[in-house]
Amino acid sequence: MTDAKQKAAPNRSRGRRIARGLGATAAALVVAAAGTGAWYYQRLDHNITTFAPEGIASSRPPVATPAPTGGRPVNILLLGSDTRDDGNSSLGGGEEGVGHSDTAILLHVYADHKHAVGVSIPRDTLVTIPPCLLPSGKWSQSRTNQMFNSAFTIGEFKAGNPACTQNTVEALTGLRVDHTLVVDFKGFAAITSAVGGVDVCVPNDVDSYGIHLTKGRQTVSGQQAVDYVRARHGLGDSSDIGRMLRQQAFMSSLIKKVQGKGFDLTTLLPLADAATKSLTVDPELGSPYKLAEFAQSLQDIQLSDIQFVTLPWRFQGARVAVVEPDASILWNLLRQDRTLDGHPTGDAGTSASPGASTSPSPGASTSLEPGPGASPSATAGATADATATADPGGAATLNVPVTVHNAAKTAGLAGRTALALRGNGYTDITIGANTPARRTTLIEYAPSQRAAAEHLAQLYPGAELRSTATDSIVLTLGQDRADTPGLPDGTAQDDGTGLGSASPGALPSAIPSGITGNTRPADADLCSDLSFG
């Protein structure tokens with residue numbers, strides 16, 4: 001192995017790769033009690049594997065701003081590796097080799113550290129994978145329309161490429177990933193056995209692809225637990241969407257089990273040992289003390305204050321496309337540390353559940369502005385582009401397809417602009433891949449679409465108009481959009497919440513069904529809503 005490859009690959013001398021799914025987070029809660037002696041510390045320290053920091057992108061979303069109360073939101077990326085290497089084939093079947101990250105959940109812990117939302121990202125989602133570090137020490141080219149789970153395989157490192165997946169999530173969401181944890185089949189099986197099994201509900205008998213499960217409520221651990229979270233065929237429409245629902249239910253049940261068993265050493269020590277053996281973590285969590293401190297920061301989150309939501313999606317052939325503006329609204333809510341119904345977590349009587357109300361309360365609108373944690377230039381550019389009000393122009397003008405590219409190098413700007421355009425009446429918006437940086441905004445159009453292009457240009461003063469061979473209007477956002485110094489005339493100013501209060505036409509009137517229809521409370525009944533299709 002070359003020196004570059006050794007740097008890029010995880011540090012194997014300190015333990016094994018991490019485990020599959022949100023179980024890593026629940027298990028991490030117990031590490032805090034493992035300080036029973038230097039011998040045990042050394043044992044846990046030897047267990048932990050970290051991935052190299054060189055693969056983390058240098059250009060990243062900013063760290064979230066602390067709330068007035070002093071807490072700071074934290075985003076944790078939880079990945080499951082389906083590699084069959086290193087003894088995992090006995091649990092997963094199949095041949096050895098580099099795995100994919102078929103399970104990915106971005107856990108947003110609110111600034112109060114008493115509420116959390118886990119966003120499941122379908123493995124088949126078509127995304128742009130940004131440049132990632134290769135074994136040679138060089139960086140890959142950006143790749144468009146790639147399955148999300150393939151980011152983990154970039155470079156074909158034996159233990160996967162969690163840094164590449166982290167980079168992809170940050171590019172997709174505009175959220176800073178503070179910590180990343182990965183778990184494989186062996187680690188997942190060990191964690192479930194260490195807690196004495198996890199209660200689940202199987203919608204129907206499964207006897208397919210080597211997985212055998214019996215219908216009904218039951219307690220599973222080890223191989224059965226792995227089978228439960230892996231099962232896809234023979235349930236619902238055999239899609240990954242249905243599998244994610246069962247994974248969300250499983251993680252809820254695992255968290256409940258850990259919290260219910262209490263924190264006595266008889267429970268904690270075996271669980272801490274199992275968890276650390278199975279964890280591959282980012283460099284910031286690379287010791288038992290760091291894991292303990294991190295775990296303690298999450299211990300006040302109750303099951304009833306955790307929500308799971310699936311990234312708004314639709315089928316695109318055999319793959320999954322992101323639904324806009326629903327996804328942009330979701331990421332915007334989390335960037336602003338808002339609950340899924342648009343409220344600040346500090347509001348009396350509000351919760352993280354969207355079930356109570358699908359409309360934001362006055363002053364809690366889901367506007368385009370990035371809010372706390374976004375860079376000033378991103379905020380200025382988004383509001384300048386998002387809230388300008390165009391002349392209606394007629395249905396033909398507003399129904400013309402528009403593809404938006406980000407050439408401003410400001411994370412999330414294309415998504416926020418798509419939401420802005422919809423707020424201004426445009427109905428057919430596609431977010432394209434990031435393109436090489438350019439100074440000025442460009443609007444390209446077919447000769448027959450000149451009127452529509454000129455209408456769009458009213459929102460982007462100074463944009464270059466160019467007639468070209470294209471099937472849609474192509475809006476490429478330049479650096480002039482990222483660095484706009486102020487708000488245009490007629491735009492409402494920020495109300496002090498970080499949300500702003502743009503004109504009603506630029507705001508959604510309710511939280512979209514792509515969010516409300518894809519949400520599962522962590523304390524929901526085990527058997528509810530387990531199958532899609």
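The shown structure was predicted, so the numbers you read here are calculated from the model rather than taken from an experiment.
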Any chance you could lay out the side-chain contact (heavy atoms from CB on, under 4.5 Å) test for Val119 and Ile105, step after step, and finish with the verdict?
-> CA-CA 5 Å; Val119 184; Ile105 298 177; 5.8 Å; no
I'd like to check the side chain to side chain contact (heavy atoms under 4.5 Å, CB included) partners of [X]; sequence neighbours left out, ordered by chain and number.
{"X": "Ala414", "result": "Val404, Asn406, Ile431"}
{"X": "Ser472", "result": "Pro401, Thr403, Thr470, Val474"}
{"X": "Ala190", "result": "Ala274"}
{"X": "Asn518", "result": "Val309, Thr310, Trp313"}

Residue pair [X] / [Y], side-chain heavy-atom distance below 4.5 Å:
{"X": "Leu133", "Y": "Glu54", "result": "yes"}
{"X": "Pro73", "Y": "Asp337", "result": "yes"}
{"X": "Leu311", "Y": "Trp331", "result": "yes"}
{"X": "Asn434", "Y": "Thr128", "result": "no"}
{"X": "Phe308", "Y": "Gln247", "result": "no"}
{"X": "Gln479", "Y": "Arg438", "result": "no"}

Which residues pass the salt bridge (charged side-chain N to carboxylate O under 4.0 Å, His left out) test with Arg123, sequence neighbours left out?
-> Asp102
Validation row, ring centre Phe188 to ring centre Phe250 under 6.0 Å = yes
Output yes when a side-chain donor or acceptor of Asn167 lies under 3.5 Å from a complementary backbone atom of Ala57, and no otherwise.
-> yes
To check you understand the geometry: which heavy-atom pair defines the closest contact between [X] and [Y], and what is its length?
{"X": "Gln307", "Y": "Leu340", "result": "CB-CD1, 4.3 Å"}
{"X": "Arg481", "Y": "Thr441", "result": "CG-OG1, 3.0 Å"}
{"X": "Ala318", "Y": "Asp124", "result": "O-OD2, 4.2 Å"}

Distance-only check: which donor-acceptor pairs under 3.5 Å involve side-chain atoms of residues 320-330, not counting sequence neighbours?
residue : atom : partner : partner atom : Å
Glu324  : OE1  : Ser328  : N            : 3.1
Glu324  : OE1  : Ser328  : OG           : 2.7
Glu324  : OE2  : Ser328  : OG           : 3.3
Asp326  : OD2  : Gly514  : N            : 3.1
Ser328  : OG   : Gly415  : O            : 3.0

Evaluation steps, side chain to side chain donor-acceptor pair (under 3.5 Å), between Asn149 and Ser101 = CA-CA 5 Å; Asn149 69 348; Ser101 53; over 6 Å; no
Return yes when atom NZ of Lys114 has more than 12 non-hydrogen atoms of other residues, nucleotides or ligands closer than 6.0 Å, and no otherwise.
-> no
Counting only heavy atoms not in Glu464, do more than 12 fall under 6.0 Å of its CD?
-> yes
